[in-house]
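Let me begin by handing over the structure; questions about it come next.
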Amino acid sequence: MRLIIGGACQGKRTYAAAQYGLSREDIRDCSDFAPGDFAEKKCVCRFHLFLRNQMKSGGDVIAITSKIVQSNPGILILMDEIGCGVIPMEREERLWREETGRAGCYLAAHAESVERVVCGCGVRIK
């Protein structure tokens, strides 16, 4: 598994396509996926929104993330960094940020590589 992180609209999809030879069809928006929909996908984007939806359904973010990694160890996951900036007033928004951060830490710990993309430029951090 590989992980690409970065802020919103920083070029993660374009970078992933260029670096890993992916077509537009290879990069799937997973924001409305169910946990079982990740099998055999090459690359998924907007993983942070998938986690939000799972939290709204009462899902255990780390357990779900672990199952996804186990079911598809070759997947490339693109996820926005959402923990920077102003702390939200709404409790649900703060919890989403915290749980997404924990999931990101889990993914990074288990990833073969982690890259951060800013302004379309990627830097390998693991």
Side-chain angles (χ1 to χ4, degrees):
M1 184 265 301
R2 295 178 185 271
L3 176 64
I4 296 178
I5 59 169
C9 305
Q10 291 296 311
K12 293 181 293 295
R13 290 182 211 187
T14 302
Y15 176 83
Q19 290 298 310
Y20 296 100
L22 302 170
S23 69
R24 290 186 80 151
E25 293 77 31
D26 290 333
I27 304 172
R28 304 289 306 276
D29 180 343
C30 69
S31 59
D32 62 352
F33 276 16
D37 294 342
F38 288 84
E40 300 180 21
K41 300 293 187 285
K42 289 183 181 182
C43 179
V44 294
C45 62
R46 297 174 29 129
F47 192 74
H48 60 290
L49 296 179
F50 163 77
L51 295 175
R52 174 184 241 165
N53 291 335
Q54 294 305 304
M55 285 182 66
K56 286 181 181 178
S57 302
D60 179 334
V61 167
I62 299 301
I64 292 167
T65 301
S66 174
K67 287 180 185 175
I68 290 167
V69 171
Q70 290 173 9
S71 71
N72 189 350
I75 196 167
L76 173 59
I77 297 175
L78 282 55
M79 183 169 86
D80 282 8
E81 292 178 296
I82 61 169
C84 302
V86 177
I87 298 170
M89 301 239 345
E90 298 82 15
R91 182 175 188 273
E92 293 80 20
E93 291 293 310
R94 289 193 308 272
L95 290 175
W96 172 50
R97 279 179 153 197
E98 291 171 10
E99 289 299 309
T100 300
R102 288 182 185 97
C105 290
Y106 177 90
L107 289 169
H110 292 84
E112 177 182 332
S113 67
V114 179
E115 296 166 89
R116 184 165 190 254
V117 176
V118 179
C119 298
C121 299
V123 176
R124 185 173 174 149
I125 57 177
K126 176 184 175 186

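Since the model is a prediction, treat every value here as computed from it, not as a measurement.
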Would you mind telling me which of R28, M79, R13 makes a side chain to side chain contact (heavy atoms under 4.5 Å, CB included) with C45?
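The single option meeting the side chain to side chain contact (heavy atoms under 4.5 Å, CB included) with C45 is R13.
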Checking side chain to side chain contact (heavy atoms under 4.5 Å, CB included) against I77, which of I4, V114, N72, V44 comes through?
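The residue from I4, V114, N72, V44 that satisfies side chain to side chain contact (heavy atoms under 4.5 Å, CB included) with I77 turns out to be V44.
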Look up atom CZ in F47 and atom CD in Q54, then write down how far apart they are to the nearest 0.5 Å.
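Answer for the CZ-CD pair, F47 versus Q54, is 8.5 Å.
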Residue pair R97 / V86: nearest heavy atoms and the distance that separates them:
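The answer is NH1-O, 3.1 Å.
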Test item: N53 side-chain N/O and S31 main-chain N/O as donor-acceptor pair under 3.5 Å:
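Flag set: sc N53 to bb S31 pair under 3.5 Å.
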Measuring from atom CD1 of I75 to atom CZ of R2, what distance do you get when rounded to the nearest 0.5 angstrom?
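If I round to the nearest 0.5 Å, the distance is 13.0 Å.
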Quick check: does any side chain N or O of K42 sit under 3.5 Å from a backbone N or O of L22, one acting as donor and the other as acceptor?
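No; zero donor-acceptor contacts below 3.5 Å.
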Among the clusters formed by ILVMFWY side chains lying less than 4.5 Å apart, do I125 and Y15 turn up in the same one?
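In one cluster with I125: Y15, no.
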Rounded to the nearest 0.5 Å, how far apart are CG of L3 and CG of L107?
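Output value for this atom pair is 5.5 Å.
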How long is the span from the SG atom in C30 to the CG atom in D37, to the nearest 0.5 Å?
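These two atoms lie 9.5 Å from each other.
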If hydrophobic clusters are built by linking Ile, Leu, Val, Met, Phe, Trp and Tyr wherever their side-chain heavy atoms come under 4.5 Å apart, do I82 and Y106 end up in the same one?
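Same hydrophobic cluster.
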Are the side chains of H48 and W96 in touch, meaning some heavy atoms are under 4.5 Å apart?
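Heavy-atom side-chain distance check passes, below 4.5 Å.
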Are I68 and F50 close enough that some pair of their side-chain heavy atoms sits under 4.5 Å apart?
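In short, these two side chains touch, coming nearer than 4.5 Å.
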Mind listing the closest non-hydrogen atom pair of I5 and E81 along with its distance?
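The pair with the smallest heavy-atom distance is CD1-OE2, 3.6 Å.
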Indicate the atoms forming the closest heavy-atom contact of A103 with V61, along with that distance.
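That would be CB-CG1, 3.6 Å.
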Closer than 3.5 angstrom, by distance alone: can the side chain of Q10 be matched with the main-chain N or O of G120 as a donor-acceptor pair?
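Not at all, since once roles are kept as given, no pair shorter than 3.5 Å links the two residues.
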Distance, nearest 0.5 Å, that separates CD of E40 from OG of S71:
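With rounding to 0.5 Å, CD (E40) is 9.5 Å from OG (S71).
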Side chains of L51 and T65, heavy atoms from C-beta outward: is any pair under 4.5 Å?
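SC-SC contact between L51 and T65 confirmed.
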Locate the shortest heavy-atom distance separating L76 from A16; write the atom from each residue and the value.
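Minimum heavy-atom separation between L76 and A16: CD2-CB, 3.9 Å.
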Using 0.5 Å steps for rounding, measure from the CD atom of E115 to the NZ atom of K126.
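If we round to the nearest 0.5 Å, E115:CD and K126:NZ are 12.0 Å apart.
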